[in-house]
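The structure appears below as structure tokens.
Just so we're clear, the structure is a prediction, and the values are computed from it rather than from any experiment.
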Amino acid sequence: MFCKPFKVKSSVQLKTSEKKKFRHIVEETFSKNPEIITVLQNKANVLATKLLPHYDSLGFIQVHSIDKVPLFMTLEEDNVPIPTVHTLWRIPDLLPRVIMPYNVLDKLLGGAHLMLPGIYTSSLPEYWDVGDIVAICGPSNGAALAVGTWALSRQEAIQRGFKGKGIHIYQVYQDQLWHYGTKEKLPSLPLPSSQTEVEGDEPGEQSEGVETDKTEEVVTGSIDQEDLSSAVESIATSLEEVAISKDDIIMEACYRALKTSLKKTDLPILISNFYSQHVKPCLAGSAEIKQTKFKKVGVLMKNLEMQGIIVVKDQKKGVLMITEVNFAHPSLRGVKKLEKEEEEVEEEENIAIVQAFTCNAHVTRLFSLYGHKKGDILSRKTLRDNVITYIKSHDLADPDNKKLVRLDPLLSTIIKTRDLTAQWNQVIQKVESNCGKCYVISLPDKFPITVKGDLPPIQFKVEKRTGNKKVTIISNFEVFGIEAKELAQKLQHVMSSSAAVVPGLRTESNVLVQGDARRLASKLLIDEYKIPKTFVDSS
């Protein structure tokens with residue numbers, strides 16, 4: 001399910017009441033194992049993230065995380081929390097475990113499901129039903145490698161001779177959900193006492209005639225007694241083979257520089273100038289010449305000359321120049337500029353704070369017509385588009401005055417007026433003001449954070465302690481994705497004074513710095529963390 005990158009629709013920190021409700025659902029679902037309470041700590045902040053997989057047949061998936069560790073996922077169609085592999089590492093006996101060969105892991109990472117012949121028969125439980133959640137581990141380690149649900153009951157499996165698809169896979173170790181978390185390493189855990197011996201057992205024969213769709217592959221496994229470390233190494237090697245090598249990145253940058261940057265009037269040009277002024281700006285990755293097989297610019301230019309793309313001549317001993325370029329060479333055809341990629345990288349490096357709106361009970365009747373429900377987050381553009389579409393589809397535009405809208409009962413109720421008409425911009429502004437207010441904070445390489453209500457700025461409070469010494473208490477920074485420990489370390493370096501993380505009254509953590517740190521701390525937050533000045537209250 002997470003074999004390919006997914007889209008993040010929203011990410012909201014649960015309120016205390018919402019956290020208690022979710023905790024109750026988890027305890028009720030896994031009531032047979034009281035250890036589940038240890039995973040959901042009372043004081044821990046629970047982040048609820050709404051994800052859309054690369055194929056949307058399952059709809060949105062709600063993932064609940066604590067300290068960036070995804071612990072449970074809930075499908076849109078039901079309200080049953082499914083534990084992730086991270087949860088199963090903390091409570092190994094939370095679910096029944098079956099054993100598969102290690103060589104099947106890379107197939108599951110590719111989006112496949114697990115066939116019954118790919119499961120060791122001795123590890124099969126005495127009873128299971130369709131939809132029961134099950135953990136999957138390897139022959140020598142009890143730590144879960146994957147989690148899924150049974151695609152058929154035990155009785156159906158017996159009738160089919162233990163052939164066909166057995167387990168519908170939801171999450172796998174090292175998939176995209178694992179990468180978006182803390183990337184915990186696989187622990188070493190003992191197998192259940194009933195499954196310690198699997199050497200004499202073999203998975204069943206492969207089934208025939210099983211159809212697969214375009215988005216899912218069904219896997220059968222065969223016995224392979226290599227250890228888990230070798231299996232993980234082989235997977236990493238195969239992924240490296242698929243990835244573009246740094247040699248290819250450098251070569252593509254040369255092609256792009258010759259096609260889009262270098263001009264005929266620049267010739268002749270020193271190879272060092274060509275590389276620094278034209279090739280480096282065209283690099284699509286972080287590759288350096290020393291990290292490639294070429295090692296030196298001269299060797300790279302000789303390679304291009306051997307392809308017949310350029311002509312390199314010695315101006316004098318040790319000084320090479322490019323004198324001619326074959327701009328019609330086949331390798332330069334179809335090469336495009338890198339402008340869009342550079343813009344995207346620049347946008348990803350900065351924090352983005354956008355005001356949005358929540359669909360509350362007052363406006364749900366209007367936005368439910370366009371697929372939204374109570375609690376959904378609407379961007380300003382989506383809100384305006386939906387309102388304009390409603391007015392046009394119901395023929396509410398005033399034919400005599402294009403600036404006015406004739407108000408029907410629904411619009412009159414939402415904008416709270418008894419007037420028969422209103423201006424277009426007035427209608428949209430009134431709808432916006434009657435929606436719930438929220439802010440969406442997009443962070444580089446992290447889940448977007450949604451803050452309902454007003455977004456409090458980062459605050460600085462200077463206090464005097466014993467001996468008339470000043471200290472600065474910094475709060476409200478965690479909502480912007482800034483970790484307290486990291487901020488304290490940077491402030492300690494900038495201020496050349498002690499800084500510590502202390503518990504806050506309204507926030508989880510504050511940072512206490514010796515001295516008046518308002519000016520330097522504000523500069524650090526604005527320049528390095530890219531926090532807009534409007535959200536840094538250093539007064």
Next on the checklist: Apply side chain to side chain contact (heavy atoms under 4.5 Å, CB included) to residues Ile474 and Phe477 and explain how you reach the verdict.
Outcome noted: CA-CA 8 Å; Ile474 307 172; Phe477 52 83; 4.0 Å; yes
Got a donor-acceptor contact below 3.5 angstrom from the [X] side chain to the [Y] backbone?
X	Y	value
Ser65	Lys68	no
His24	Lys20	no
Tyr180	Phe6	no
Glu478	Glu483	no
Arg97	Gly142	yes
Asn33	Phe30	no
Glu156	Ser153	yes
Asp537	Gln459	no
Lys437	Gln355	no
Asp454	Pro456	no

Can you see which heavy atom on [X] is nearest to which on [Y], and at what distance?
X	Y	answer
Val63	Pro70	CG1-CB, 3.8 Å
Asn510	Ser475	OD1-CB, 3.2 Å
Ala48	Gln62	CB-NE2, 3.4 Å
Val427	Ile415	O-CG2, 4.0 Å
Phe72	Pro81	CD2-CB, 4.0 Å
Thr358	Cys438	CG2-SG, 3.8 Å

Checklist entry - Who pairs with Phe367 by ring pair (Phe, Tyr, Trp, His ring centres under 6.0 Å), at least two apart in sequence or on another chain? => result none
Next on the checklist: Among residues at least two apart in sequence or on other chains, which ones pass ring pair (Phe, Tyr, Trp, His ring centres under 6.0 Å) with Trp89?
Outcome noted: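 Testing Trp89 for ring pair (Phe, Tyr, Trp, His ring centres under 6.0 Å), a comparison that skips the adjacent residues, returns His86, Tyr173.
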Step through the shown structure and confirm whether more than 12 heavy atoms of other residues, nucleotides or ligands are within 6.0 Å of [atom1] on [X].
X	atom1	answer
Leu369	CG	yes
Arg154	CZ	yes
Asp67	CG	no

Checklist entry - How many angstroms lie between atom CD1 of Ile377 and atom SG of Cys359, to the nearest 0.5 angstrom? => result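 Answer rounded to 0.5 Å: 11.0 Å.
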Item to check | Glu35 CD to Asp93 CG distance, which is reported to the nearest 0.5 Å | outcome: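 Interatomic distance, Glu35 CD to Asp93 CG, rounded to 0.5 Å: 7.0 Å.
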Checklist entry - Which pairs with one or both residues in residues 415-428 pass salt bridge (Lys or Arg N to Asp or Glu O under 4.0 Å), sequence neighbours excluded? => result none
Item to check | salt bridge (Lys or Arg N to Asp or Glu O under 4.0 Å) partners of residues 394-414, not counting sequence neighbours, each pair once | outcome: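 Applying salt bridge (Lys or Arg N to Asp or Glu O under 4.0 Å) to every pair that reaches into residues 394-414, excluding sequence neighbours, yields nothing.
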Checklist entry - Can you pull the side-chain hydrogen bond (donor to acceptor under 3.5 Å, both in side chains) pairs that have at least one residue in residues 426-435, sequence neighbours excluded? => result Arg380-Glu432
Item to check | Residues Leu51, Phe60; criterion side chain to side chain contact (heavy atoms under 4.5 Å, CB included); working and verdict | outcome: CA-CA 6 Å; Leu51 308 177; Phe60 286 102; over 6 Å; no
Checklist outcome for this item: Result for side-chain contact (heavy atoms from CB on, under 4.5 Å) between Leu487 and one of Val511, Ile458, Val513 points to Val511
Checklist entry - Hey, which of Val147, Leu145, Ile169, Val172 is the one that makes side-chain contact (heavy atoms from CB on, under 4.5 Å) with Ile136? => result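 Among Val147, Leu145, Ile169, Val172, the one meeting side-chain contact (heavy atoms from CB on, under 4.5 Å) with Ile136 is Ile169.
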Item to check | Ionic contact status for Arg23 with Glu18, cut-off 4.0 Å | outcome: no
Item to check | side chain to side chain contact (heavy atoms under 4.5 Å, CB included) assessment of Cys3 paired with Asp175 | outcome: CA-CA 6 Å; Cys3 61; Asp175 64 1; 5.8 Å; no
Checklist entry - With sequence neighbours left out, which residue pairs that include part of residues 419-438 fulfil the ring pair (Phe, Tyr, Trp, His ring centres under 6.0 Å) condition? => result none
Next on the checklist: Do Lys452 and Tyr439 form a cation-pi contact, if we require the NZ or CZ to be under 6.0 Å from the six-membered ring centre and within 45 degrees of the ring's axis?
Outcome noted: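 Not satisfied by the 6.0 Å and 45° rule.
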